[in-house]
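These notes concern the structure reproduced below.
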Amino acid sequence: TYGRIWGGGLRIFCGGYDTVMEDLRGQKPKFFLDAMLGRLNKWLRVLGYDAICRRILDQDPAPPHLKDGRILLTRHRKSAQRFERVLLLNGNHVENQLAELRSKLGIDPVRSQWFSRCLVCNTLLTEAPAEKIRENVPEHVYHENILKIRFCRSCGRCYWPGTHRNRMEEQLRQWGF
């Protein structure tokens, strides 16, 4: 087990966390996740983090998303050894992976930013214009939640506080958030 910091970027396997904490202090990290971490990607977006998930092939050069300061999250050791800003995750389940991110990177999601990103395309959600949402949500949702409906300007999806969101909040509470 080892951890190293190279050239100001972070490369973590199991150590060096204090240095990483200094690198990220005062910043909200952005993530690039290997495709095998798709479920974690969704939950990071639920928590308000900018997270992109794509497949990384062994022969591929550095993905362009890593050039804008994103941290690569992967469970693939070869990928972890090829790039600079990498966190190799050991957990098999989202709960354990989020716990690793909390302990190794010190992430502390702000509750007011939960459910602020589109779960499909990662775009920040905005207030929903009435003319856009009336035809895209059930009638009772429109009337009961008109001021709480959020809209993704990129893919057109609408989000509102309903039972699905309640179940997600309960899951986050069980995971210690």
Report task. State which residues pass ring-ring contact (aromatic ring centres under 6.0 Å, His included) with W114; sequence neighbours excluded, sorted by chain then number. Result -> none

**Report entry** Crowding at CD, Q171 (>12 non-hydrogen neighbours, <6.0 Å)
**Finding:** yes

Query raised in the report: With a 4.5 Å heavy-atom cut-off, do L98 and L47 have their side chains touching?
Result: yes

Requested in this report: Compare every heavy atom of L119 with every heavy atom of M168, then report the nearest pair and how far apart it is.
Outcome: CE-CD1, 4.1 Å

Query raised in the report: For the hydrophobic clusters of this structure (ILVMFWY residues joined by side-chain heavy atoms under 4.5 Å, transitively), does one cluster hold both I107 and W175?
Result: yes

Query raised in the report: Quick one: are E127 and L147 in side-chain contact, heavy atoms under 4.5 Å?
Result: no

Query - Exercise: identify the closest heavy-atom pair between G91 and N96 - result: CA-CB, 4.0 Å

Query raised in the report: Hey, does the side chain of E100 reach the backbone of N90 with a donor-acceptor pair shorter than 3.5 angstrom?
Result: yes

Query raised in the report: What distance separates N92 CG from M36 CE, expressed to the nearest 0.5 Å?
Result: 11.5 Å

Query raised in the report: Do L33 and L40 come within less than 4.5 Å of each other through their side chains, counting heavy atoms only?
Result: yes

Query raised in the report: Looking at Y159, is R165 sitting on its ring face, NZ or CZ under 6.0 Å from the six-membered ring centre and within 45 degrees of the normal?
Result: no

Requested in this report: Find out whether N122 and I52 are in side-chain contact, i.e. whether some heavy atom of one side chain is under 4.5 Å from a heavy atom of the other.
Outcome: yes

Query - Closest heavy-atom pair and its distance - W160, P138 - result: CH2-CD, 3.9 Å

Report task. Using a 4.5 Å cut-off on heavy atoms from C-beta on, say whether the side chain of R134 contacts that of E139. Result -> yes

**Report entry** H93 atom NE2, neighbour heavy-atom count above 12 within 6.0 Å
**Finding:** no

Query raised in the report: Taking all non-hydrogen atoms of both residues, which atom of C155 and which atom of C118 are closest, and how far apart?
Result: SG-SG, 3.6 Å

Report summary line: d(E169 CD, Q174 CD) to nearest 0.5 Å is 12.5 Å

Query - Aromatic F31 / basic R85 pairing, under 6.0 angstrom, 45° off normal - result: no

Query raised in the report: Shared ILVMFWY cluster between W43 and L101, side chains joined below 4.5 angstrom?
Result: yes

Query raised in the report: Where the side chain of K28 meets the backbone of G48, is there a donor-acceptor pair that is under 3.5 Å apart?
Result: yes

Report summary line: Closest heavy-atom pair, G176 versus R102, reported as atoms and distance to 0.1 Å, is O-NH1, 3.1 Å

Query raised in the report: Looking at L87, N41, V86, which hits side chain to side chain contact (heavy atoms under 4.5 Å, CB included) with L73?
Result: L87

Report task. Give a yes or no on whether L124 and F115 share a hydrophobic cluster (residues Ile, Leu, Val, Met, Phe, Trp, Tyr; joining criterion: side-chain heavy atoms under 4.5 Å apart). Result -> no

Requested in this report: Determine, step by step, whether D50 and R70 satisfy the side chain to side chain contact (heavy atoms under 4.5 Å, CB included) criterion, reporting the C-alpha distance in whole Å, the side-chain angles of both residues, the deciding distance to 0.1 Å, and the verdict.
Outcome: CA-CA 9 Å; D50 185 341; R70 291 182 185 276; 2.9 Å; yes

Query raised in the report: Is any side-chain heavy atom of I133 closer than 4.5 Å to a side-chain heavy atom of V141?
Result: no

Query raised in the report: How many angstroms lie between OG1 in T123 and CZ in R153, if you round to the nearest 0.5 Å?
Result: 11.0 Å

Query raised in the report: Within a strict 4.5 Å, meaning less than it, do heavy atoms of the S116 and L125 side chains meet?
Result: no

Requested in this report: Kindly indicate whether the side chain of F32, heavy atoms from C-beta on, has any atom under 4.5 Å from the side chain of I71.
Outcome: no

Query raised in the report: Taking 4.0 angstrom as the limit, do E170 and R167 come out as a salt bridge?
Result: no

Report summary line: Interatomic distance, CZ@R75 vs CG@L37, rounded to 0.5 Å, equals 7.0 Å

Query raised in the report: Considering all heavy atoms of both residues, which atom of F151 and which atom of P129 are nearest to each other, and what is their separation?
Result: CD2-CD, 4.1 Å

Query raised in the report: Which pairs with one or both residues in residues 30-48 pass salt bridge (Lys or Arg N to Asp or Glu O under 4.0 Å), sequence neighbours excluded?
Result: K30-D68

